[in-house]
Amino acid sequence: MRVDRRVALAVVLVATVMQLFPLLWMVSTAAKPEAEVFGRLSLLPAQPTLDNVRYVWARVPMLRYFVNSLVVALLVAGGQTISSIAAAYAFARFRFPGRDALFLAAVGTMLVPFQITMIPNFLLVSRLGWINTLPGLVAPHLASAFGIFMLRQHFLAFPASLEEAAAIEGASRWQILWRLVVPINRAALAALAVLFFIQSWNEYFWPLLVAKDVHATTLPLGLARFVSAEGGTLFGPLMAAATLATVPAVALFLVVQREIVSSFTTSGLKG
């Protein structure tokens with residue numbers, strides 16, 4: 001048994017190092033002067049500097065990219081969370097003709113690649129005049145089949161007796177959902193919202209199709225344009241820009257990592 005535990009621990013440690021090493025190397029390179037980036041192979045910088053960060057901040061409208069990404073990510077995460085709550089609760093508690101078929105169809109959309117839906121979405125956004133606008137970046141992503149599936153599992157595991165007691169006290173379905181079910185499941189909802197936020201924060205391809213100028217450019221797209229403009233040879237500034245773009249998502253994940261793990265482990269308890 002001890003040997004098995006040691007082997008499992010060794011595997012976990014190796015996997016953790018493999019996952020963290022690129023991130024650590026990125027941060028380290030961002031803090032190295034140019035001569036050290038190419039002349040000294042070491043994880044820790046010998047002479048740490050913030051020159052790369054200053055260079056990026058002076059050459060790239062990072063603040064604009066940050067604001068654009070933050071607004072888009074918050075709107076998408078909020079929209080997906082609210083729509084997932086409403087749809088998941090309906091699938092979990094209401095009985096209506098075709099409920100199971102509709103749920104399977106909704107979950108089945110997770111199997112549809114984005115490349116199939118991007119052209120219809122782009123044509124719709126274009127005809128609405130939303131190219132290079134905030135609605136064009138946000139609207140196609142306001143629903144999530146994954147969110148519906150995960151929350152439905154949580155709502156199915158929620159004791160129906162509590163809802164019945166609230167109904168006896170005169171609460172409506174709407175009040176039961178938002179004043180009872182949602183507050184008790186706030187950990188799962190927070191974890192899901194953070195996952196939505198990180199996914200939207202890292203989104204690259206859809207902004208590439210819709211955003212045409214700096215006023216609508218999000219951070220991943222702005223970084224790609226910076227790489228193209230600089231030729232991809234200034235590794236110190238490139239890693240500094242990547243570090244700046246990574247910090248918000250990593251910080252959010254670290255704050256709610258326990259809720260995320262708990263949500264995934266309990267989402268399949270009842271179906």
Side-chain angles (χ1 to χ4, degrees), residues 68-158 173-174 176-178 181-182 185-211 216 218 220-221 249 252 256 259-260 263-264 266-268 271:
N68 290 344
S69 288
L70 183 62
V71 171
V72 170
L74 287 175
L75 290 176
V76 169
Q80 288 184 340
T81 302
I82 293 174
S83 63
S84 296
I85 291 172
Y89 187 75
F91 284 127
R93 287 291 185 260
F94 297 157
R95 296 186 178 275
F96 52 89
R99 182 190 66 173
D100 294 339
L102 285 175
F103 176 71
L104 291 176
V107 173
T109 60
M110 290 191 292
L111 304 177
V112 180
F114 172 74
Q115 289 78 3
I116 294 178
T117 60
M118 67 178 183
I119 295 178
N121 282 336
F122 180 80
L123 292 176
L124 178 61
V125 168
S126 178
R127 290 177 181 177
L128 290 173
W130 287 352
I131 296 296
N132 209 41
T133 64
L134 184 63
L137 291 169
V138 173
H141 303 289
L142 291 179
S144 170
F146 169 74
I148 294 172
F149 169 76
M150 196 180 87
L151 289 183
R152 173 182 175 271
Q153 304 306 103
H154 279 278
F155 293 159
L156 285 173
F158 186 81
R173 276 289 187 180
W174 192 255
I176 292 173
L177 173 60
W178 294 105
V181 178
V182 168
N185 288 277
R186 60 182 177 274
L189 295 174
L192 188 64
V194 170
L195 291 178
F196 288 153
F197 180 91
I198 293 175
Q199 181 181 18
S200 179
W201 181 270
N202 294 328
E203 179 68 36
Y204 170 75
F205 198 74
W206 182 248
L208 178 64
L209 295 176
V210 177
T218 55
L221 182 57
L252 270 178
V256 296
E259 286 78 4
I260 292 176
S263 297
F264 275 110
T266 58
S267 60

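Just so you know, these numbers use all the heavy atoms, side chains as well, and skip hydrogens, waters and symmetry mates.
Of all heavy-atom pairs between P135 and P140, the closest is O-CD, 4.1 Å. In terms of heavy atoms, T109 sits closest to A145 at OG1-CB, 3.3 Å. Between W130 and A139, the shortest heavy-atom distance links the atoms CZ3-CB, 3.7 Å.
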Table please: side-chain donor-acceptor pairs of residues 189-201 below 3.5 Å, with sequence neighbours left out.
residue, atom, partner, partner atom, Å
W201, NE1, A245, O, 2.8

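Contacts of R99 classified as side chain to side chain donor-acceptor pair (under 3.5 Å), with partners at least two apart in sequence or in another chain: none. Residues forming a side-chain contact (heavy atoms from CB on, under 4.5 Å) with I176 (at least two apart in sequence, or on another chain): Y89, E163, A166, A167, A171, L180, V181.
Residue R186 places its CZ atom among 12 or fewer non-hydrogen atoms of other residues, nucleotides or ligands, all under 6.0 Å distant. Annotation for L123: atom CG counts as buried by contact number, over 12 foreign heavy atoms lying within 6.0 Å.
With hydrogens and angles disregarded, a donor-acceptor distance shorter than 3.5 Å links the side chain of W206 to the backbone of G136. Here the side chain of S144 pairs no donor or acceptor atom with the backbone of Q80 at under 3.5 angstrom. T81 contributes a side-chain N or O that, together with a main-chain N or O of A77, makes up a donor-acceptor pair within less than 3.5 Å.
You'll find the side chain of F149 reaches within 4.5 Å of the side chain of Q153, heavy atoms only. Under the 4.5 Å side-chain criterion, counting only non-hydrogen atoms from C-beta, L134 is in contact with L75.
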